[in-house]
Amino acid sequence: MPNMDIKMKVLKRKKATVELFVLFLLFPILLILMLNHITISETLASMDSGAFGKAYTYLSLSSGDKKFQKAINEAKNLKSSVAVTADRKKDGYTVRAIYFNKKYVNLPMKEGRFFRKEDFKEDRYVAVLGKRLEFITYTKDGKRYLDLEGKEFEVLGILGYEEDTLLDDYIFVNGCISDEIMETSICVLDYLKKTDYEAVRDKMVSGLEGRGVHTEELTGGENFFESVVPSFMYGRKFIMMFLALILCAVLLSSDWLQSQKEEIYVRRLLGADDRSIILLFLKRFGILFLLTFTGAILYCGVFYPSYWNYLMAGYLAATIVLLPFLLFSMIGLLKTPLEEALKG
């Protein structure tokens with residue numbers, strides 16, 4: 001019977017460790033999927049205005065050549081995070097020239113990737129298109145391409161939310177070459193972060209005027225209501241799941257620590273001091289945490305490389321919650337009189 005009791009305790013310790021390990025592996029996956037879902041919901045909710053940022057201004061561009069390239073050059077000089085776009089409708093789809101100076105919004109990708117800053121060069125014929133336009137592409141040397149106005153564009157990625165959206169019929173092209181394939185008379189200045197919108201707009205207009213492009217503001221507005229409300233509406237289920245996961249982590253951490261209590265009592269009997277016991281078990285917990293963190297880094301790096309900051313924030317939140325809880329629980333076990341502990 002004593003041998004059976006020992007085996008059961010060892011099995012219980014292994015079970016608690018495996019459960020905690022699996023939970024820590026699920027933690028980053030759920031966190032990243034939650035944030036991905038919320039940011040995509042924000043993006044899709046902003047589509048009706050033609051812009052995806054916090055606010056937007058429609059500008060009329062008249063006179064001068066290479067007007068969109070000049071708009072891009074002015075956007076490069078702005079400290080605020082902005083994008084400039086221009087649309088042209090053709091044959092049932094819309095070609096959108098795009099440039100952004102810092103980081104763009106999160107768009108749902110079926111395949112490949114969206115633009116990066118290094119794609120915005122005058123010799124880069126690259127595009128990203130909606131999922132309904134996938135049929136117009138062709139494959140060459142293992143890459144996708146499409147023909148547009150007599151130019152061959154490499155397809156970087158295909159947009160694809162699970163439901164039908166306006167983006168399904170869009171072709172996004174590198175704005176730096178757009179003057180070669182489309183005439184731009186109206187562009188949108190998209191403010192991707194909260195800022196002094198009027199000051200940014202005035203600086204943009206002044207710069208374009210200085211480059212010989214007569215510029216007038218047509219209309220503008222904020223996407224505040226459309227972007228904030230869906231964050232709560234679409235994200236609340238994921239937030240509740242995230243909080244439930246934190247609670248599960250607390251409970252499983254407690255179960256893991258309880259499975260180690262016999263060893264703690266034995267170490268106390270052998271004369272180990274409280275500090276060395278706490279450090280030993282925190283080290284074990286830390287190793288378990290780091291192993292799963294390594295798995296999270298691999299997952300994030302392969303599938304969601306833009307979410308590094310969110311991943312770190314999620315693990316920091318978990319550490320802030322779990323570390324004090326573990327310390328409090330361990331101190332409770334160490335304060336338990338040995339006579340009472342041995343009876344248990």
Side-chain angles (χ1 to χ4, degrees), residues 35-62 67-87 96-108 114-121 128 166-167 170 172-176 178 184-235 305-310 312-313:
L35 291 166
N36 185 57
H37 182 83
I38 291 174
T39 53
I40 287 176
S41 297
E42 289 181 347
T43 300
L44 296 177
S46 303
M47 282 193 300
D48 289 342
S49 67
F52 296 112
K54 302 298 181 183
Y56 58 92
T57 300
Y58 277 79
L59 298 173
S60 172
L61 309 179
S62 59
K67 290 176 286 188
F68 196 73
Q69 181 60 54
K70 291 175 181 178
I72 288 175
N73 291 337
E74 283 305 311
K76 289 179 181 179
N77 295 328
L78 296 175
K79 293 182 179 179
S80 300
S81 180
V82 299
V84 286
T85 60
D87 290 355
R96 170 166 289 186
I98 185 170
Y99 169 82
F100 49 88
N101 62 354
K102 296 186 187 297
K103 183 180 178 182
Y104 202 52
V105 296
N106 183 32
L107 291 171
F114 199 67
F115 290 95
R116 296 172 182 156
K117 285 183 64 177
E118 56 266 29
D119 294 317
F120 297 123
K121 298 177 181 177
V128 174
L166 294 175
L167 295 178
Y170 270 70
F172 289 80
V173 298
N174 170 18
C176 293
S178 63
T184 303
S185 58
I186 296 175
C187 79
V188 180
L189 178 60
D190 196 358
Y191 310 94
L192 301 176
K193 300 289 183 182
K194 282 197 171 294
T195 184
D196 185 342
Y197 304 131
E198 291 186 4
V200 175
R201 177 203 63 202
D202 291 346
K203 186 173 182 180
M204 182 76 168
V205 171
S206 175
L208 283 169
E209 292 283 353
R211 293 177 183 270
V213 180
H214 180 60
T215 309
E216 293 182 6
E217 179 183 356
L218 298 177
T219 186
E222 291 192 42
N223 279 329
F224 178 79
F225 180 79
E226 290 85 352
S227 64
V228 172
V229 173
S231 294
F232 171 74
M233 291 178 61
Y234 293 112
S306 61
Y307 285 109
W308 285 109
N309 292 339
Y310 297 119
M312 299 303 175

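Worth knowing before you read on, the calculation uses all heavy atoms, side chains too, and leaves out hydrogens, waters and symmetry mates.
- A pairwise comparison of heavy atoms in A97 and S178 identifies CB-CB, 3.4 Å as the closest pair.
- Contacts of F115 classified as ring-ring contact (aromatic ring centres under 6.0 Å, His included), with partners at least two apart in sequence or in another chain: F120.
- The NZ atom of K117 lies 12.5 Å from the NZ atom of K103; values are rounded to the nearest 0.5 Å.
- Within the 4.5 Å cutoff, the side chain of D119 has no heavy atoms near those of the N174 side chain.
- Partners of N101 under the side chain to side chain donor-acceptor pair (under 3.5 Å) rule, at least two apart in sequence or in another chain, do not exist in this structure.
- For the pair D87 and Y170, the minimum side-chain heavy-atom distance is below 4.5 Å.
- Taking the six-membered ring where the residue is Trp, Y58 and Y56 present perpendicular rings, their angle passing 60° and hence far from 30°.
- Atoms CG and CG, from L59 and L218 in turn, are 7.0 Å apart once rounded to the nearest 0.5 Å.
- For the atom pair NE2 of H214 and CG of L61, the computed distance is 10.0 Å after rounding to the nearest 0.5 Å.
- Sorted by first and then second residue, the pairs that involve residues 199-213 and meet salt bridge (Lys or Arg N to Asp or Glu O under 4.0 Å), not counting sequence neighbours, are E74-R211, R201-E217.
- Using a 4.5 Å heavy-atom cutoff, the side chains of V84 and M204 are in contact.
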* **Stepwise side chain to side chain contact (heavy atoms under 4.5 Å, CB included) check, L167 with F172** => CA-CA 9 Å; L167 295 178; F172 289 80; 3.9 Å; yes

Counting only pairs under 3.5 Å, give me each side-chain donor-acceptor contact of residues 75-83, with atom names and distances, residues two or more places apart or in other chains.
unit_1	atom_1	unit_2	atom_2	d
N77	ND2	N73	O	3.3
S80	OG	T195	OG1	3.1

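- Under the rule for a side chain to side chain donor-acceptor pair (under 3.5 Å), E118 has no partner lying at least two apart in sequence or in another chain.
- Considering only heavy atoms from C-beta on, C176 stays 4.5 Å or farther from K121 through its side chain.
- Looking at heavy atoms from C-beta onward, D190 lies out of side-chain contact with F100 at the 4.5 angstrom threshold.
- Judged as a ring-ring contact (aromatic ring centres under 6.0 Å, His included), the pairs with a partner in residues 193-213 (not counting sequence neighbours) are, in order, Y191-Y197.
- Summarising the geometry of L192 relative to Y104, their closest heavy-atom pair is CD1-CD1, 3.9 Å, with the distance given to 0.1 Å.
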